[in-house]
Amino acid sequence: MSERPQPLIVGAGPAGIRAAEALVAAGLRPLVVDEAPACGGQIYRQRLVPDRRSTRDLYGPEAPKAEALHRDFAALDGKLDYWPQALLWNLRDGRADIMVEGTSRQVAYDGLVLATGATDRTLPIPGWTLPGVFTLGGAQIALKSQGCAIGSEIVFLGSGPLLYLVAWQYMKAGAKVAAVLDTAPFTAKFNLLRGLPLFPGIVLRGMRMTAELKLGGVGLHYGVADVRIEGKNAIEAIAWRQDGMEHRLACDGVGYGLALRSETQAADLAGCRFAFNQRDRAALPERDAAGRTSVPGVYIAGDGAGIAGADAAERAGERAALALLQDRGLPHDATRAAALEAELARIGRFREVLEAAFPFPAHWMRDIADSTTLCRCEEITAGEVRSAIGQFGVHELNRLKAVSRVGMGRCQGRICGAAAAELLAHETHRGIEAVGRLRGQAPVKPVPLTLALAAQQEAAE
């Protein structure tokens, strides 16, 4: 009789690490696959090149958490199987197709924990495709992993706590941060006071970062609108309107992001049922408080289940692992599980505070120029999308994809999907929840055609 397949954990960020730790403690040997060359996820990403920066320089006040996660995962060596730089590109019938070291391996799993994290959410603006424009996450990768800045005069644009964190990290690293342009009005920040009883340390830390940016000579601008990035072959300046006045600032690097969007394509391939989440303005996999999805044996944790941050991801990863143990009939700590759920509920309430303090500028889609590129992969403009909506009477996102090719490129809608949904909702005078979601398809990310064909042949045999 063959051995029972391993539990499979997708992602080695905070959620995946804590899930692995809990499963190993229970005597299981999970397989952990992750696209990065080292554990930590985006928030605690490790450096790829030697430099003199301390972990405090890299992670700021979160350095102790980063060190603990890296250390705890290293302590699991020999007790689990770990595939770094491995891409899970398909799921079907209890098996996963994973590209690693240039080949595709198919593994059977018994219990699947999806800790896939999140990516930057953006809306198209004039000039956002110019060289030198990075997402906030991309700017963070450059700084943390490669030890370099995205420019010599940098502007950070968008909304969300990550906007200020990345700007602060760049300033502390010695880069010239010219300005932070926040799409939310200053008055929205007063909502943070409601978060003081829940997480005073986080709120005060954010206030301190903002104060240090200001004292460091960084211009802080709130309620910016009509933003455009100027230049021919590279960034030359950024312009915006604020309080009825036009502003322009010379720069050669822009970090841009409007909070985060959950990475849900693996959950889609696993067959999970989705429901629209108004707070995140996106359809997310349905799950219970323990992380169980609608598919037995499939669990989801971390930002891939809904944006909540690294602290929530750690707790959700552990909670999902305890649910897996319980569902297998193995010993599990029910008291710990209840405590984790209570902590996650408290973080969820704080997340509502953050959403009020950093609202998403959905109204931007109302004024987007027809000439602005919306889908970068397929080079489709907002005007072409509007034309397709009108010509074909489109009311649903996958239909829009079929008639316009939006979302058919290499990113599979990761970059343009949110913008396409917002534009479709605006043009059809419907709520964002009514236009549907882009369905995930294998391969979820580009793989060599030979690998995909070989996997299909293996499955057929």
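Computed from a predicted structure; not experimentally measured. Along the sequence shown, the residues carry numbers beginning at 1.
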Exercise. For Arg273, what residues pass the side chain to side chain donor-acceptor pair (under 3.5 Å) criterion, not counting sequence neighbours?
Worked result: Glu286
Exercise. Any sub-3.5 Å donor-acceptor pair from Thr293's side-chain atoms to Val295's backbone N or O?
Worked result: yes
Exercise. For Leu80 and Leu31, what are the C-alpha separation, side-chain angles and deciding distance, and is it a side chain to side chain contact (heavy atoms under 4.5 Å, CB included)?
Worked result: CA-CA 6 Å; Leu80 51 68; Leu31 167 62; over 6 Å; no
Problem set entry | Residue pairs passing the salt bridge (Lys or Arg N to Asp or Glu O under 4.0 Å) test where at least one lies in residues 160-174, sequence neighbours excluded | Lys172-Glu212
Problem set entry | Heavy-atom check, side chain of Arg95 versus side chain of Pro5, under 4.5 Å | no
Exercise. Does any pair with a residue in residues 20-37 pass side-chain hydrogen bond (donor to acceptor under 3.5 Å, both in side chains), and if so which ones, sequence neighbours excluded?
Worked result: Arg18-Glu21, Arg29-Asp81, Glu35-Lys445
Exercise. With distance as the sole test, does Tyr170 use its side chain to make a donor-acceptor pair with the main-chain N or O of Ala139 at under 3.5 Å?
Worked result: yes
Exercise. Taking only residues two or more places apart in sequence or in another chain, which ones pass salt bridge (Lys or Arg N to Asp or Glu O under 4.0 Å) with Arg292?
Worked result: Asp288, Asp327
Seminar exercise, completed: So CG of Leu397 and CZ of Arg437: to nearest 0.5 Å the spacing works out to 10.5 Å
Exercise. Quick check: does any side chain N or O of His221 sit under 3.5 Å from a backbone N or O of Thr183, one acting as donor and the other as acceptor?
Worked result: no
Under 3.5 Å, sequence neighbours excluded: what are the donor-acceptor pairs made by side chains of residues 112-123?
from, atom 1, to, atom 2, distance (Å)
Thr116, OG1, Glu263, O, 2.8
Thr119, OG1, Arg261, NH1, 2.5
Asp120, OD1, Gly137, N, 3.1
Asp120, OD2, Thr135, OG1, 3.1
Asp120, OD2, Gly137, N, 3.1
Arg121, NE, Leu258, O, 3.0
Arg121, NH1, Asp280, O, 3.4
Arg121, NH2, Leu258, O, 3.4

Exercise. Do Lys401 and Val406 have side-chain heavy atoms sitting under 4.5 Å apart?
Worked result: no
Problem set entry | Point-to-point distance, once rounded to the nearest 0.5 Å, from CG of Leu344 to CZ of Arg351 | 14.0 Å
For this session: Enter the distance from Leu322:CG to Leu330:CG here, rounded to the nearest 0.5 Å.
Result: 11.5 Å
Problem set entry | Check: Trp89/Ser104 side-chain N/O donor and acceptor closer than 3.5 Å | yes
Exercise. Is it true that a side-chain atom of Asp303 and a backbone atom of Ala308 form a donor plus acceptor pair closer than 3.5 Å?
Worked result: yes
Problem set entry | Val254 vs Phe134, side chain to side chain contact (heavy atoms under 4.5 Å, CB included): CA-CA, chis, key distance, verdict | CA-CA 6 Å; Val254 172; Phe134 290 72; over 6 Å; no
For this session: Please lay out, stage by stage, how Leu69 and Cys39 fare under the test side chain to side chain contact (heavy atoms under 4.5 Å, CB included).
Result: CA-CA 9 Å; Leu69 274 168; Cys39 74; over 6 Å; no
Contacts under 3.5 angstrom, residues 192-206 side chains, donor-acceptor by atom type, not counting sequence neighbours:
from, atom 1, to, atom 2, distance (Å)
Arg194, NH2, Asn191, OD1, 3.4
Arg205, NH1, Glu62, OE2, 2.7

Exercise. Do Val100 and Leu87 have side chains that get closer than 4.5 Å, going by heavy atoms?
Worked result: no
Side chains of residues 142-153: which donor-acceptor pairs under 3.5 Å do they make with residues two or more places apart or in other chains?
from, atom 1, to, atom 2, distance (Å)
Lys144, NZ, Ile43, O, 2.5
Ser145, OG, Gln46, O, 3.3
Ser152, OG, Asp252, OD2, 2.5

Extract all donor-acceptor atom pairs below 3.5 Å that involve side chains of residues 154-161 and protein atoms in other chains or at least two apart in sequence.
none

For this session: State, to 0.1 Å, how close Pro84 and Pro37 come at their nearest heavy-atom pair, and which atoms those are.
Result: CB-O, 3.8 Å
For this session: Can you measure from CG (Leu23) to CD (Glu318) and round to the nearest 0.5 angstrom?
Result: 10.5 Å
Exercise. Hey, are the side chains of Trp364 and Pro124 touching, using non-hydrogen atoms and a 4.5 Å cut-off?
Worked result: no
Seminar exercise, completed: CG (Leu284) and SG (Cys272) are apart, to the nearest 0.5 Å, by 11.5 Å
Exercise. With sequence neighbours left out, what residues match Asn277 under side chain to side chain donor-acceptor pair (under 3.5 Å)?
Worked result: none
Exercise. Stepwise, does the side chain to side chain contact (heavy atoms under 4.5 Å, CB included) test hold for Asp182 with Val224?
Worked result: CA-CA 6 Å; Asp182 193 331; Val224 303; 5.9 Å; no
For this session: May I ask you to check whether Gln412 and Gln441 show a side-chain donor-acceptor distance below 3.5 Å?
Result: no
Exercise. Under a 4.5 Å cut-off applied to non-hydrogen side-chain atoms, are Tyr109 and Gln6 in contact?
Worked result: no
For this session: Return yes when atom NZ of Lys79 has more than 12 non-hydrogen atoms of other residues, nucleotides or ligands closer than 6.0 Å, and no otherwise.
Result: no
For this session: Of all the heavy-atom pairs spanning Leu28 and Pro7, show the shortest one and how long it is.
Result: CD1-CG, 4.1 Å
Problem set entry | Polar contact flag, side-chain donor to acceptor under 3.5 angstrom, Gln265-Arg414 | yes
Exercise. How about Pro448 and Met99: do any of their side-chain heavy atoms sit closer than 4.5 Å?
Worked result: yes
Seminar exercise, completed: Here the pair of heavy atoms bringing Pro61 nearest to Trp168 is CD-CH2, 3.9 Å
Exercise. Among pairs that include at least one residue of residues 256-289, which meet ring-ring contact (aromatic ring centres under 6.0 Å, His included), considering only residues two or more places apart or in two chains?
Worked result: none
Exercise. Where do Cys416 and Gly407 come nearest, in terms of heavy atoms and distance?
Worked result: SG-N, 3.6 Å
Problem set entry | Salt-bridge criterion met for Arg281 and Glu433 (N-O under 4.0 Å) | no
Seminar exercise, completed: By side chain to side chain donor-acceptor pair (under 3.5 Å), Arg328 pairs with (sequence neighbours left out) Asp110
Exercise. Taking all non-hydrogen atoms of both residues, which atom of Gly216 and which atom of Met171 are closest, and how far apart?
Worked result: CA-SD, 4.1 Å
Problem set entry | Audit row: Asp97, Arg92, salt bridge (Lys or Arg N to Asp or Glu O under 4.0 Å) steps and yes/no | CA-CA 8 Å; Asp97 292 309; Arg92 62 176 184 272; 2.6 Å; yes
Exercise. Is Arg287 close to Tyr299 at the side-chain level, that is, under 4.5 Å between some pair of heavy atoms?
Worked result: no
Problem set entry | Parallel, tilted or perpendicular: ring planes of Tyr222 versus Tyr164, cut at 30 and 60 degrees | parallel
Seminar exercise, completed: Hits for side chain to side chain donor-acceptor pair (under 3.5 Å) against Ser294, two or more places apart or cross-chain, chain-then-number order -> none
Problem set entry | Trp128 and Arg376, any side-chain heavy atoms less than 4.5 Å apart | yes
Problem set entry | Taking every non-hydrogen atom, the tightest pair across Asn90 and Ala442 | OD1-CB, 3.2 Å
For this session: To the nearest 0.5 Å, tell me how far Met408 CE sits from Glu378 CD.
Result: 8.0 Å
For this session: Determine whether more than 12 heavy atoms belonging to other residues, nucleotides or ligands lie under 6.0 Å from atom CZ of Arg410.
Result: no
